[in-house]
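Okay, structure first, notes after.
What you see is a predicted model; the values in this text were computed from it and never measured.
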Amino acid sequence: MSKYDIIVLGSGPGGYVTAIRASQLGFKTAVIEKENLGGVCLNWGCIPTKALLKSAQVFEYLKHAEDYGLKVKDANHDFDAVVKRSRGVAEGMSKGVQFLMKKNKIDVIDGFGKLKPGKKIDVDGKEYSADHIVIATGARSRELPSLPQDGEKVIGYREAMSLKKQPKKMIVVGSGAIGVEFAYFYNSIGTEVTIVEYLPNIVPVEDEEVSKQLERSFKKSGINIMTSAEVTSVDTSGKGVKANVKTQKGEEVLEADIILSAVGIKTNIENIGLEDVGIVVDRDKILVNDYYQTNIPGYYAIGDVTPGQALAHVASAEGILCVEKIAGHHVEPIDYGNIPGCTYCSPEIASVGLTEKQAKEKGFDIKVGKFPFSASGKASAGGNKEGFVKVIFDAKYGEWLGCHMIGAGVTDMIAEAVLGRKLETTGHEVLKAVHPHPTMSEAVMEAVAAAYDEVIHI
């Protein structure tokens with residue numbers, strides 16, 4: 001039996017980062033992976049989807065070249081080549097993780113790992129043991145009873161990024177990050193897209209003003225949007241697929257080539273031995289404390305399998321904190337109220353902290369500032385004037401309660417608000433921090449100025 005200090009089950013952005021930090025701290029470390037290093041994020045999620053979206057963005061630029069004083073003849077796209085590029089990017093990133101494993105002297109064990117009592121793991125018949133076992137098995141596309149996935153006509157995100165043929169019509173069920181990103185991608189390359197969302201607003205976790213702006217932008221791009229609507233059943237017996245949709249006005253039948261189910265995720269905790277070890281689970285989440293310890297000593301869990309936000313950067317942060325605690329470091333629990341969320345459709349969405357509605361519900365007396373990119377010199381020069389930055393401050397103490405952005409490149413801007421909130425920055429301190437001109441990021445300063453009635457450019 002091979003013995004380690006730490007074994008990590010799963011090599012996604014939670015698992016492989018955990019393994020690297022463990023190795024840096026001097027632990028003899030192994031990672032177990034049943035498929036590809038990098039997990040869903042690098043191979044079928046975060047990274048390849050961004051490659052698809054970049055192709056869509058470039059194609060959009062080509063179609064609107066005349067807006068920039070340029071002429072492009074017969075702008076067209078090759079769907080197979082776009083998918084191939086995306087897969088190539090994913091493969092390159094996975095190879096990068098392989099390099100990191102070798103660099104950090106981490107053993108990679110290929111196969112399906114199953115937990116056993118006594119801090120052991122069985123991998124396809126071979127047993128390994130460790131002082132500490134970290135579960136990082138992630139999640140997959142969730143299936144609804146009314147929307148069973150067959151991988152052909154009713155698909156999840158995994159199939160959506162590697163279709164052999166571009167559909168003429170697509171129904172996207174669910175308008176979270178996955179749903180709207182694929183809706184944007186397929187619409188931009190010529191697929192007729194309809195979004196069906198159960199709640200009253202698309203991207204329902206976002207600030208309401210952000211949601212309404214994205215809906216306007218999507219409708220302008222030709223995406224059909226049905227909110228307060230539910231797919232009750234599907235018929236895949238014909239050439240395409242028919243969806244029965246229940247709306248406030250009654251039943252409606254939609255026809256398409258493919259339905260993409262983007263209604264959330266389901267954790268990968270089946271058949272990994274949780275019951276054998278006695279690890280407590282609530283619904284489909286492994287219960288852990290602030291340091292990701294389960295109820296059984298020596299077993300830990302991080303990432304999507306735990307109750308926190310199912311985001312790659314959350315999983316990485318949890319894994320690092322987990323092994324630093326094991327190493328005896330003084331660590332502070334993660335502040336889940338200061339986790340940024342990013343959606344990479346066009347326009348992009350980025351947010352952190354409370355929405356305006358949440359701040360009011362919590363009883364804060366607030367100051368709200370908003371700066372539109374239509375008033376930004378950089379946005380005008382770049383031809384990306386859609387969207388805005390919105391900030392929310394506590395009127396009494398100046399605490400930065402929330403920041404919400406929609407527009408070009410905002411996913412690269414949100415870190416300013418995350419860092420500012422982490423350092424307990426006040427609105428006046430943001431105002432006095434000189435922002436470079438012309439940039440998209442100065443819209444943050446302008447939005448803060450608007451909250452304090454000092455805005456210059458609107």
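Checked by atom type, the side-chain pair His457/Glu442 shows no donor-acceptor distance below 3.5 Å. With 3.5 Å as the limit, one finds a donor-acceptor pair spanning the side chains of Ser217 and Gln213. Remark: the Gln57 side chain and the Lys54 side chain contain an N/O donor-acceptor pair separated by less than 3.5 Å. Inspection of the Thr194 and Asn224 side chains reveals an N or O donor paired with an N or O acceptor under 3.5 Å. Side chain to side chain, Glu348 and Thr411 meet the donor-acceptor criterion of an N or O pair below 3.5 Å. A side-chain N or O of His77 and one of Gln166 form a donor-acceptor pair less than 3.5 Å apart. Side-chain contact, Glu206 with Ser351: a donor N or O sits under 3.5 Å from an acceptor N or O. No donor-acceptor contact under 3.5 angstrom links the side chains of Glu252 and Thr247, judged on distance only.
One finds a salt bridge joining Glu324 and Arg21 here, because a Lys/Arg side-chain nitrogen approaches an Asp/Glu carboxylate oxygen to under 4.0 Å. Taking 4.0 Å as the cut-off between side-chain N and carboxylate O, Glu91 and Lys95 do not count as a salt-bridged pair. Between Lys212 and Glu209 there is no salt bridge, since no side-chain nitrogen of the basic residue lies less than 4.0 Å from a carboxylate oxygen of the acidic one.
The number of heavy atoms from other shown groups lying within 6.0 Å of CG (Leu423) is above 12. Annotation for Glu424: atom CD does not count as buried by contact number, only 12 or fewer foreign heavy atoms lying within 6.0 Å. Within 6.0 Å of the NZ atom in Lys362, the count of heavy atoms belonging to other residues, nucleotides or ligands does not exceed 12. For Glu35, the CD atom counts as densely surrounded, since its 6.0 Å shell holds more than 12 non-hydrogen atoms of other residues, nucleotides or ligands.
With hydrogens and angles disregarded, no donor-acceptor distance shorter than 3.5 Å links the side chain of Glu255 to the backbone of Lys242. A side-chain donor-acceptor contact under 3.5 Å links Ser211 to the backbone of Ile202. Between the side chain of Lys285 and the backbone N or O of Asp304, at least one donor-acceptor pair lies under 3.5 Å. When atom types are taken as modelled, the side chain of Gln149 and the backbone of Gly151 share no donor-acceptor pair closer than 3.5 angstrom. Under a 3.5 Å cut-off, the side chain of Asn384 and the backbone N or O of Gly382 do form a donor-acceptor pair. Using a distance-only test at 3.5 Å, with no hydrogens or angles considered, a donor-acceptor pair links the side chain of Ser316 to the main chain of Pro13. The backbone N or O of Ile286 lies less than 3.5 Å from no partner atom in the side chain of Thr306, so there is not a single donor-acceptor pair. Checking side-chain atoms of Arg142 against main-chain N and O of Val263 turns up a donor-acceptor pair under 3.5 Å.
Figure legend: Lys325 and Tyr291 shown as a cation-pi pair, the cationic atom lying under 6.0 angstrom from the six-membered ring centre and within 45 degrees of its axis.
Aromatic ring centres of Tyr452 and Phe393 lie closer together than 6.0 Å.
Checked against Val245 for a side chain to side chain contact (heavy atoms under 4.5 Å, CB included), the options Val253, Val231, Val234, Thr232 give a single hit: Val231.
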